[in-house]
Amino acid sequence: MHKSKICEIIGIEFPIFQGGMAWIADGKLAASVSEAGGLGIIAAGNANGEFVREQIKIARSITKKPIGVNIMLLSPHIQEVAKVVVEERVEVVTTGAGNPSQFMQSWKDANIKVIPVVPSVAMAKLMTRLGATALIAEGGESGGHVGELTTMVLLPQVCDATDLPVIAAGGIADGRGMAAALMLGACGVQMGTRFLSAEECTIHPTYREMLLKAGDLCTMVTGKRTGHPVRSLRTEFARNYSKKEYGGASDEELEHLARGAYRQAVQNGDMVNGCFLAGQIAGMVKKTEPAKDIILDVMQGCEAVLKRGMAWVK
Ligand code: TUI
C-alpha cells in the first residue's frame, strides 16, 4: 500500500493507531505497537502525572520510534498530565472525553502533534480552527466513553468538515474495516479492542477470556443518564448498573458504583465490581497474538480488500 499522509506527518510506517485504553494501554503495549510500525499510545486515563511519566520512560526504554499519550479530559489529574507530556517530549497527544481547547497552544508550542477525538462535526471544526494536527473520528461502536454517532455516519461528515487528515475509530478490527474507513475518507485507523487481545497487553486473564468469547451482541452502553455513556461487555456489573440507572438510583449511587470499576476489571478481573470496556467489534477478536502480527494482518487484509474493490469499477 502507498504511504498515508499521517505516516509522513508522524514518522510511522503503517497508519494504525492503538487506542488509549485506560489502565490497559501502558508503556509496554504502546512501545510494542510503535516498534511494529504503528503508533502506540499510552493511556493517561485517571492516573496521575508520575504514573504517566513512568509509562513514557518504560516505552522509551523499549523503542526509539514515536509514541503518543492519550489524555482523558475528565481526569482529576489533567493539569499535571498535560505538563508531563510536554516535559517528556512525547511526539503525539490524543485526547478523549472532552474539549482540549485550553491545552492546545501549550502542546503546539512544545511541537507536540495534537490529535483530538471528535464525536461531532462542530468539534471537528473547532479543533481544526485551533490548529490540531489531525482528527480522530470515533463512532459509538467503540469501547469506553462513546459519542452519539456511528463511525459510518460520523466519519464522512468529519472528512467533509476539515482539511486535516482524519483517523477512523470505532468498530474497526480487521483489514475490511480499515478499507471501509479509507473509502469514507479516512487516512488511517485507530483500534482499541483488537489490541486488547495483543500478547503484550497486560489484562487480567478473566478479561482476556471474556473478550475472546464475546459475540456480536456482547456489549452494552451504560451511563447515558449521567451524561457519561460508556460501552462495556454485558457482565453482571453492567446489567446491575443499567437496572439501577433506569430504576431511579441517585447520581451519587451510580458514581459510587462506577468508581474504580475500570481498574477492578483490568487488574483483578472482578466480575461483580469491574467494568470491562470493549467495543462492539469484540465478537470478531478471537485470538491472542503479538501486536506486530495484528498490524501486519490488518494491513495485508486491507490491501487485499482494496484490490478486490477494483472489480466494481467498469
Ligand atoms: O475517551 C474515549 N474513551 C474513553 S475515556 C474513558 S475513561 C472515563 N472515565 C470517566 C468517565 C468517562 C470515561 C474510557 N473510554 N473516547 C474518545 C471519545 N471522546 N469519545 C467521545 C469523546 C468526546 C466526547 C465529547 C470528545 C469530545 C467531547 O466534547 C464534548 C464537549 O463539547 O466538551
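Whatever order the structure lists them in is the order used to number ligands and atoms, beginning at 1.
Around the CZ atom of R53, the shell of radius 6.0 Å holds more than 12 heavy atoms that belong to other residues, nucleotides or ligands. Counting non-hydrogen atoms of other residues, nucleotides and ligands closer than 6.0 Å to NZ of K213 gives a total of 12 or fewer. More than 12 heavy atoms of other residues, nucleotides or ligands sit less than 6.0 Å from atom CD of E87.
Ranking protein heavy atoms by distance to atom 23 (C) of ligand 1, first place goes to P119 CG, 3.6 Å. The closest protein non-hydrogen atom to atom 18 (C) of ligand 1 is V117 CG1, 3.3 Å. For atom 11 (C) of ligand 1, the closest non-hydrogen atom on the protein side is L74 CD1, 3.6 Å. Considering only non-hydrogen protein atoms, atom 27 (C) of ligand 1 sits nearest to G98 O, 3.2 Å.
Among all heavy-atom pairs drawn from L39 and P66, the shortest one is CD1-O, 3.7 Å.
Of the heavy atoms in M21, none comes closer than 4.0 Å to ligand 1. Residue contacts with ligand 1 for N99 involve both N, CA, C or O and side-chain atoms from C-beta outward (heavy atoms, distance under 4.0 Å). Residue contacts with ligand 1 for A97 involve both N, CA, C or O and side-chain atoms from C-beta outward (heavy atoms, distance under 4.0 Å).
A salt bridge between E54 and K57 is absent, with no side-chain N of the basic residue lying under 4.0 Å from a carboxylate O of the acidic one.
Assignment of G45 to the shell around ligand 1 is not supported, since no heavy atom sits closer than 4.0 Å.
Here atom 15 (N) of ligand 1 lies nearest to H145 when heavy atoms of H145, E148, E255 are compared. Closest to atom 10 (C) of ligand 1 by heavy atom, among H228, M72, R231, is M72. For the residues M123, Q190, E138, R259, the heavy atom positioned nearest atom 29 (O) of ligand 1 is part of M123.
The distance from ligand 1 to the heavy atoms of G96 drops below 4.0 Å at these ligand atoms: 1 (O), 17 (C), 19 (N). Close contacts between ligand 1 and Y262 involve ligand atoms 7 (S), 8 (C), 9 (N) [criterion: under 4.0 Å to a heavy atom]. In summary, the atoms of ligand 1 found under 4.0 Å from a heavy atom of G144, numbered by their order in the structure, are 14 (C), 15 (N).
Between H145 and H228, the ring planes lie tilted relative to each other; the angle falls in the 30° to 60° range.
Put simply, the side chain of L212 reaches to within 4.5 Å of the side chain of T288, judged on heavy atoms.
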inquiry  = Working note: E91 + R60, criterion salt bridge (charged side-chain N to carboxylate O under 4.0 Å, His left out); need CA distance, chi angles, decisive distance, verdict.
reply    = CA-CA 12 Å; E91 287 79 10; R60 296 285 194 215; 3.1 Å; yes
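Counted by atom type alone, E236 and N240 present zero donor-acceptor pairs between their side chains at under 3.5 Å.
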